[in-house]
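FYI, side chains are in, hydrogens and waters are out, and symmetry mates aren't considered; it's all heavy atoms of this structure. Since this is a predicted model, take the numbers as computed values, not measurements. Atoms within a ligand are numbered from 1 in the order they appear, just like the ligands themselves.
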Amino acid sequence: MSNVYTFGGALPQDNARSDDPRTRDKTIVGGKGANLAEMAGIGLPVPPGFSITTEVCTAFNASGGQFDDAPRAEVAAGIAHIETVTGKAFGDPADPLLVSVRSGARVSMPGMMDTVLNLGLNDATVEGLAAASGDARFAWDSYRRFVQMYADVVLGLDHYRFEDALEIAKEDNGFFTDTEMQAEHWQALVAEYKGIVAEELGRDFPQDVHEQLWGAIAAVFESWDSERAKVYRRLNAIPHDWGTAVNVQAMVFGNMGDTSATGVAFTRDPATGEKAWYGEWLVNAQGEDVVAGIRTPQYLTRAARERAGAKPLSMEEAMPEAFAELGQVFDLLERHYRDMQDIEFTVERGKLWMLQTRSGKRTAKAALKMAVDMAGEGLIDRTEAIRRVDPMALDQLLHPTLDPSAVRDVLTRGLPASPGAASGAVVFDADAAERRAALGEAVILVRVETSPEDIHGMHAAKGILTARGGMTSHAAVVARGMGRPCVSGASSLSIDMTRRVAKIAGREVAEGEVITLDGSTGEVMAGAVATIEPELVGDFGVLMAWADEVRRMRVRANADTPADCKIARQFGAEGVGLCRTEHMFFDANRIRSVREMILADDEKGRRTALAKLLPEQRTDFIGIFREMAGLPVTIRLLDPPLHEFLPQGDAEFAELAEVTGLGVDHLKRRAAELHEFNPMLGHRGCRLGITYPEIYEMQARAIFEAACEVAETGDAPVPEVMIPLVGTKRELELMRALVNRVATEVFSEKGRTLEYLVGTMIELPRAALMAGEIAEEATFFSFGTNDLTQTTLGVSRDDAGRFLGTYVEQGIYARDPFVSLDIDGVGQLVALAAERGRATRPEIKLGICGEHGGDPASIAFCEAQKLDYVSASPYRVPIARLAAAQASLS
Ligand code: ADP
Ligand code: MG
Ligand code: MG
């Protein structure tokens, strides 16, 4: 086991050609080092170099910054390797070897140390470089670059002082661009740079090339523990103990005049996925000049240049030979890695050198296109194509998105709570939203936060903006479920309800003024920004069809309305996994009857009110069954605590008093009686059905009457009646008897018998533990993992915002357990309930209907438990289909 692995040079002792897997192992030599060795191994022109392993980094940082003897000797051998291949010597004043020192973790990681180029230059070797290359300007240009980079990156000096000095030098000489600077100008600048270093540090710029080298290596290792790097790792869940490798590599020079160049390229277009070379290059330039923005880079291909109407020649035109060779390299790399590559290259006096390759980042659209195209080209097979697309990335594609070419006037930025983009007139309450939407106006509901009473307004709105609340706030969860874009927690937003004006980061937006939300980025913009519609055909359709072929689990949708069901079917849902009946109760016309029912003094009063609700509920179910023709529909009977429906404020009480003929005081007293200290653990779920069986009777009747009616004209639905919040077998036994009785009644009235199921949600730990017994009464279980998470963790989702962020940051939970299932804890209950339920009733149907049904990691867990289906919000159905397919493959 070595500490250092060499690459490049095609020598027999070259590690890159050896069988040692460590030479190409990203965990050992980092991503950059592994790919450099790999490229050298397949015969591509890679400047010789070596990688110092991540293990050396870990030891170095653990020992407080000490190098052991072994790595010291191996680095010396690595330098010797480069010297042999290049025929130059490190520190040789006649013809010096120069190297770059590059960091390289397992995954590319912003926040790590920047690369130092041209290391090995000093006052003596710069003369040698000038003589050997015959180009003094190039030599001094390289030296000034080196001093600045080394001072910035290794010595920690502020780069502005160097940039200022360069600007002043150009001004003094009357130059506009760097290219006008000649050898003597660069030479004078180097003297000035060294003066800055001496002044700032109280010592001279290091002239000893070995001191330079070890200084740079130590700086790379130390940068692993920099605050920037730590923050990045925390945000991206990268372990702190990985460490980084260091790559030391012979310099090749893109700044040796007009036959030299440097560039970056993608083998396919990373934005569209189109199979066309894509990239930028610069003549007579080095390193990061292309991305630094000092000079405008040129197009790689002639076609791209012409399309853009640009003048400066493309590489295809200016350097046809090097370009042709580059094209061959692109093909070779794609065939080798079987993926789109992101490449860095340099041309030194007409000769092409490869400096980096990696799988390129891409948009969701490009990922889809490339996966489908590459399968078509035979580069990968279909299962690999399915694996290639990140299901979560589909989210970007399934909602209208902002036209990338449109101008944006950003007011503020909140949390990207529900993806998609929407423009509309600002409204400050749900009723106004509904009123204006009914007149055909697009509205954005702007609230401090939302609650269940706002549902109708959220439904009517094109988008939702809140000042408070996190990614799992009411607004966020409901908006995602409805497929409405939502920006939550926009803390610079306040609402003045008396003037009906929103203050957003110092600017005022009055009710009725138009704003635009981007729920994928959290941006809030003034005015309307053009959007583009999602495309569900083409590559998307092809890949989803492949995914459906390999998928074992069924995918259903959580859908409460016919409109939701319609979207769900378009997205490929194979049934409804959760239809929440309470949302229907909030409808403006019905809420009165609901309140009348709740506040009634006795069963008779309740039955009178329920009789008014029955036809309404039946209509809802008819709509849903028609949309879901022939597919299973799981309907959850009333679940939330009744007080959620209570009147708010004197006006609503007065109105209700009129309708019911009961006094306002009486109604208020009844309402106060319904108050609960912990409503989540209170009088809700099947507890309502046990105490007020007439409510569930009405709902069951509405379901079966609707099913019979739909069966008359079309495909009979298969209702799956779901009893919520069951903790004991007896509860389910009572509720199931009730449902069966109503079914029998309705079927005999209608003269028709339909298939249906009665089952329960598993959302209490007791239900999971007692699943064996409960299964005697249930033909299906649906894991209600939202409540199961709340009740298992003892954490209220609606109150968790205050501490959950800290919990995730400190690694107490790996991820937000309401977003991704807590597999270690809650997962055990799911596994146990599945096992015990099946022991009692082997054919029991098992599914999941929490938010987790749309989360790929949770879906993989469901596959491992061999659940029958997952249910996700309509817009997440394609994500679930792809994730379920990937889970079947692994
Ligand atoms: P990053 O990880 O930030 O991309 P790199 O280590 O890839 O940093 O270096 C940035 C750029 O520096 C490269 O794209 C390349 O242009 C240049 N560079 C790095 N090493 C060399 C080298 N040995 N010869 C010439 N240019 C180099
Ligand atoms: Mg790079
Ligand atoms: Mg629940």
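- Figure legend: Arg72 and Trp214 shown as a cation-pi pair, the cationic atom lying under 6.0 angstrom from the six-membered ring centre and within 45 degrees of its axis.
- Among all protein heavy atoms, the one lying closest to atom 8 (O) of ligand 1 is Thr115 OG1, 3.1 Å.
- When heavy-atom distances to ligand 1 are checked against a 4.0 Å cut-off, Val252 comes that close through both its backbone and its side chain.
- The backbone and the side chain of Met251 each have at least one atom closer than 4.0 Å to an atom of ligand 1 (non-hydrogen atoms only).
- Some N or O of Arg102 is nearer than 3.5 Å to an N or O of ligand 1, by distance alone.
- Listed by atom number, the atoms of ligand 1 under 4.0 Å from Gly287 heavy atoms are 12 (O), 16 (O), 17 (C).
- Around the Mg ion (ligand 2), the angle linking Gln356 (OE1) with Glu344 (OE1) is 80°, rounded to 10 degrees.
- Contact record, Ala322 with Gly350: CB-O, 4.2 Å, taken as the closest heavy-atom pair.
- Using a distance-only test at 3.5 Å, with no hydrogens or angles considered, no donor-acceptor pair links the side chain of Asp95 to the main chain of Ala132.
- A salt bridge links Arg22 to Glu55: one of the charged nitrogens lies within less than 4.0 Å of a carboxylate oxygen.
- Atom 18 (N) of ligand 1 has Leu117 CD2, 3.4 Å as its closest protein atom, hydrogens excluded (heavy atom only).
- Under 4.0 angstrom from ligand 1, there are no non-hydrogen atoms of Asn247.
- At a heavy-atom cutoff of 4.0 Å, ligand 1 is contacted by no atom of Val99, backbone or side chain.
- Residue Asp342 is tested with Arg358, Lys32, Arg362 for a salt bridge (charged side-chain N to carboxylate O under 4.0 Å, His left out); the sole match is Arg358.
- Residues Ser100 and Val248 fail the side-chain proximity criterion, which asks for heavy atoms closer than 4.5 Å.
- The protein heavy-atom contact nearest to atom 3 (O) of ligand 1 is Glu288 OE2, 3.6 Å.
- Ranking protein heavy atoms by distance to atom 21 (C) of ligand 1, first place goes to Ser100 OG, 3.5 Å.
- The local environment of CD in Glu321 is sparse, with at most 12 non-hydrogen atoms from other residues, nucleotides or ligands closer than 6.0 Å.
- Only side-chain heavy atoms of Lys32 come within less than 4.0 Å of ligand 1; its backbone N, CA, C and O stay farther off.
- Here the heavy atom of the protein found nearest to atom 26 (N) of ligand 1 is Leu355 CD1, 3.3 Å.
- Not a single N, O or S atom of Ser108, from either the backbone or the side chain, sits less than 2.8 Å from the Mg ion (ligand 2).
- Cation-pi contact between Arg145 and Trp140: absent, since separation from the ring centre below 6.0 Å together with deviation from the ring axis within 45° is not met.
- Polar contact with ligand 1: present for Glu344 (N/O pair, distance under 3.5 Å).
- Between Val246 and Val101, the closest side-chain pair of non-hydrogen atoms falls below 4.5 Å.
- Counting heavy-atom neighbours within 6.0 Å of Lys230 NZ, excluding the residue itself, gives a total above 12.
- In this structure, CD on Glu384 lies 8.0 Å from CG on Asp339, to the nearest 0.5 angstrom.
- Judged by the shortest distance from any of its heavy atoms, Ala250 lies inside the 4.0 Å radius around the atoms of ligand 1.
- Proximity to Thr262 (heavy-atom distance under 4.0 Å) selects the following atoms of ligand 1: 16 (O).
- Contacts between Gln249 and ligand 1, counted as non-hydrogen atom pairs separated by less than 4.0 Å, involve both the backbone and the side chain.
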